[in-house]
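In what follows, a structure is listed as structure tokens, so that the remarks can point back to it.
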Protein chains: 2
Amino acid sequence: MTAESGARGGSRGGETPAGASPARVTMEDVARRAGVSRSLVSIAYRGVPGVSDETRDAIFEAARAIGYTPNSIASRLASRNRESVGFYLLDLRNSVYVDVFDGVREVTGERGTTVVLGVGETHGSEDRAGLTALMSSQADVIIATGLLLPDAEILELSRQRPLVSVTRQVPGVDSVSSDDEAGATLVTEHLLALGHRRIAHLAAPDIGGRSPRADAYARTMRKAGLEPRMLTAGFTQSSASAAARSLLSSPAPGERPTAIFATNDVTALGVIEAAHELGLRIPRDLSVAGYDDTAAAALAPISLTSVDQDARSLGRLAASAAFARLASPSAPVVARVQQPTLRPRRSTAPPPSAA
Amino acid sequence: MTAESGARGGSRGGETPAGASPARVTMEDVARRAGVSRSLVSIAYRGVPGVSDETRDAIFEAARAIGYTPNSIASRLASRNRESVGFYLLDLRNSVYVDVFDGVREVTGERGTTVVLGVGETHGSEDRAGLTALMSSQADVIIATGLLLPDAEILELSRQRPLVSVTRQVPGVDSVSSDDEAGATLVTEHLLALGHRRIAHLAAPDIGGRSPRADAYARTMRKAGLEPRMLTAGFTQSSASAAARSLLSSPAPGERPTAIFATNDVTALGVIEAAHELGLRIPRDLSVAGYDDTAAAALAPISLTSVDQDARSLGRLAASAAFARLASPSAPVVARVQQPTLRPRRSTAPPPSAA
DNA sequence: TTGTACGCGTTATCAG
DNA sequence: CTGATAACGCGTACAA
């Protein structure tokens with residue numbers, strides 16, 4: 001990402017930009033131009049009955065002529081429309097969250113609701129800022145995925161504004177999630193069935209909630225009479241890579257895990273990177289599994305075994321839940337859970353010893 | 001992405017959600033609770049001088065107690081602060097745009113400006129909606145990357161609101177971009193230097209602007225005495241994959257290109273997919289190069305030769321340009337251009353014949 | 001159908 | 001520091 005700095009581009013013949021009209025054009029202006037009252041313009045723009053087709057056309061024509069753009073800020077302030085949804089996602093670089101977003105847009109799109117976006121940061125672990133920004137912007141309900149806050153704080157925030165947590169269950173808060181225990185169990189059993197015994201788990205950082213994936217991994221290992229072996233890394237690929245590197249290089253050859261189950265695809269990619277650096281081939285020397293069935297996992301050269309939680313569907317359900325909450329604020333808390341699907345790919349195979 | 005439908009989750013003991021307070025708490029309420037005037041509360045929240053530290057604390061304490069969240073909607077309507085920036089990006093799945101966004105956030109973050117997001121759709125080619133949404137939300141300047149609109153329409157939109165185009169030059173509009181001709185030339189020359197002669201280019205759809213990458217490819221080929229061979233695909237990986245599949249399977253063996261230069265990494269990944277399906281190995285049977293130096297390109301198993309345009313830096317420059325435009329609306333149009341860097345990786349190698 | 005008047009929650013000004 | 005008052009641009013009865 002280091003690139004030569006740029007040359008100053010020419011300003012084609014000293015042109016002056018077209019935009020930048022200092023005074024904003026308002027409905028008032030449109031009304032005046034069209035020779036009608038401001039209320040009529042408002043009515044025309046909202047599409048409610050009360051304007052003749054001709055005058056309506058005249059109004060839009062006038063608006064176009066003077067370059068009017070409706071002010072949604074003022075509009076939302078004036079109207080009691082309690083139907084706007086805010087969407088918060090942790091990380092734009094993890095496509096699960098983007099999938100969720102797409103799902104949300106699918107249903108909000110149908111209802112004509114606009115969605116305000118808030119974006120967090122994996123390194124700052126500061127969803128607080130993004131979340132409160134959404135609240136300040138008067139989102140009437142917030143759909144959040146990838147929340148890093150401890151359960152207690154999420155519950156507290158949901159006290160200020162209805163909140164639907166996606167991808168993560170939070171007691172006392174509406175949520176739509178996938179059965180992470182089931183998914184992690186599927187992965188671990190898959191690895192066991194292939195003949196692996198030294199299976200390590202690269203867990204997500206503790207964020208003051210449950211850790212269903214890690215728990216299910218550990219339980220399944222113990223049930224098979226094996227000792228779980230966990231290590232923790234951050235949320236980024238590079239931090240996972242560093243963790244995996246030390247795991248794979250330090251122990252005695254016979255100690256090294258033959259398979260690593262990473263808590264998600266992003267970190268699984270980090271494991272793959274580390275393996276490459278160490279000259280370990282996948283899956284010959286090491287099996288790797290992730291979680292989320294990200295786009296990258298499906299790429300042929302990667303072909304990462306993963307778990308599909310159908311994030312898009314989660315998004316759809318979350319949007320429905322959000323609207324339902326808006327409709328009946330005091331209905332009981334809903335925790336919807338979906339069943340995930342294992343997607344076995346070439347990154348997992350029998351261990352070397354079993355070959 | 002097809003997953004089993006979900007089971008209805010239990011509603012833990014019929015709890016009722018915490019949130020959903022029908023009446024919104026306002027500054028008025030805070031003022032009353034703290035025993036001060038509304039003006040003072042406003043002053044306290046804006047951080048302007050005029051409040052003693054003690055009363056300020058008291059105000060915030062009162063606000064916390066009754067769960068007050070400032071209403072940024074009302075605030076922006078009332079304030080004459082014309083400094084808000086809207087950011088539009090085409091596709092959340094193409095990490096270049098996310099890089100640009102990060103760059104923008106870097107500088108807006110320093111200035112404390114919040115950024116409103118608008119997201120487009122690659123399949124709909126409808127940036128209009130996203131853009132006008134940003135205008136309606138009263139963004140005072142718009143930074144847009146991945147614009148699909150024809151030059152003329154962009155120019156027209158920039159008439160309504162100052163606009164900075166990132167990643168693409170548009171005559172008459174502020175822009176920050178990378179020298180695509182230079183980058184594409186680097187790639188083509190790289191392939192030529194490796195000994196390739198049958199080099200195909202997978203171009204982006206025509207969107208009514210210039211096509212610097214395709215042009216540079218064609219020019220460089222001709223200069224080497226070779227016939228350019230172009231085909232066009234959509235913006236998605238799958239459409240690129242389909243196009244590449246037909247290109248690679250139909251022609252007679254000796255006709256098949258030995259290298260494909262795709263217009264960006266997303267489509268290059270599509271080419272890689274197609275090659276895998278056809279049993280062609282990279283780079284042994286086919287060299288592949290992309291553009292953008294996306295995260296996926298750097299992954300060891302992919303190792304895609306690409307061009308780094310330092311999108312993050314583009315984002316930074318765009319934000320600066322946006323603020324500059326806000327400061328002097330009638331300054332001449334600026335077109336800043338950065339020089340890209342070739343990132344040769346393992347996906348490109350000498351052609352089979354030269355081996 | 002049209003125009004009037006009030007309110008949304010804040011900012012901003014100005015005289016106390 | 002306070003309290004009153006005028007915007008901000010528009011939604012929304014209500015009356016004409």
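The chains referred to below are lettered A, B, ... by the order of the sequence lines, with proteins before strands, and numbering in each begins at 1.
Distances shown here put every side-chain N or O of B:Ser79 at or beyond 4.0 Å from the OP1 or OP2 atom of C:dT10.
The distance between atom CD of B:Gln138 and atom C1' of D:dG9, rounded to the nearest whole Å, is 9 Å. Residue B:Met27 contributes atom CE, which lies 14 Å from atom C1' of C:dC8 at whole-angstrom precision. Protein atom CZ of B:Arg76 is 16 Å distant from nucleotide atom C1' of C:dC8, rounded to whole Å. Between the CG atom of B:Asp29 and the P atom of C:dC8 there is a distance of 12 Å, given to the nearest Å. Nucleotide D:dG11 holds its C1' atom 15 Å from the CD1 atom of A:Ile73, rounded to whole Å. Per the geometry, CG belonging to A:Leu77 stands 9 Å off P belonging to C:dT10, to the nearest Å. Remark: P of C:dG3 and CD of A:Glu28 are 11 Å apart, rounded to the nearest angstrom.
Pairs engaging residues 130-146 of chain B under the salt bridge (Lys or Arg N to Asp or Glu O under 4.0 Å) rule: A:Arg24-B:Asp140 [sequence neighbours left out].
If you take OG1 on A:Thr26 and CG on A:Asn71, they are separated by 9.5 Å, rounding to the nearest 0.5 Å.
At a threshold of 4.0 Å, the pair A:Glu156-A:Arg159 does not count as salt-bridged, since none of the basic side-chain nitrogens sits closer than that to a carboxylate oxygen.
A donor-acceptor pair under 3.5 Å is absent between the side-chain atoms of B:Asp57 and the main chain of B:Glu54, judged by distance alone. Formation of a donor-acceptor pair under 3.5 Å by the B:Thr167 side chain with backbone atoms of B:Gly146 is not found in this model.
A side-chain contact (heavy atoms from CB on, under 4.5 Å) with A:Tyr88 is found for one member of A:Val116, A:Leu147, A:Ile143 and no other, namely A:Leu147.
DNA chain D is contacted by B:Val36, B:Ser37, B:Arg38, B:Ser39, B:Leu40, B:Gly50, B:Val51, B:Ser52, B:Thr55 of residues 31-59 of chain B, taking any non-hydrogen atom closer than 4.0 Å.
Distance from the side chain of B:Ala74 is smallest to C:dT10 among D:dG9, C:dT10, C:dT11.
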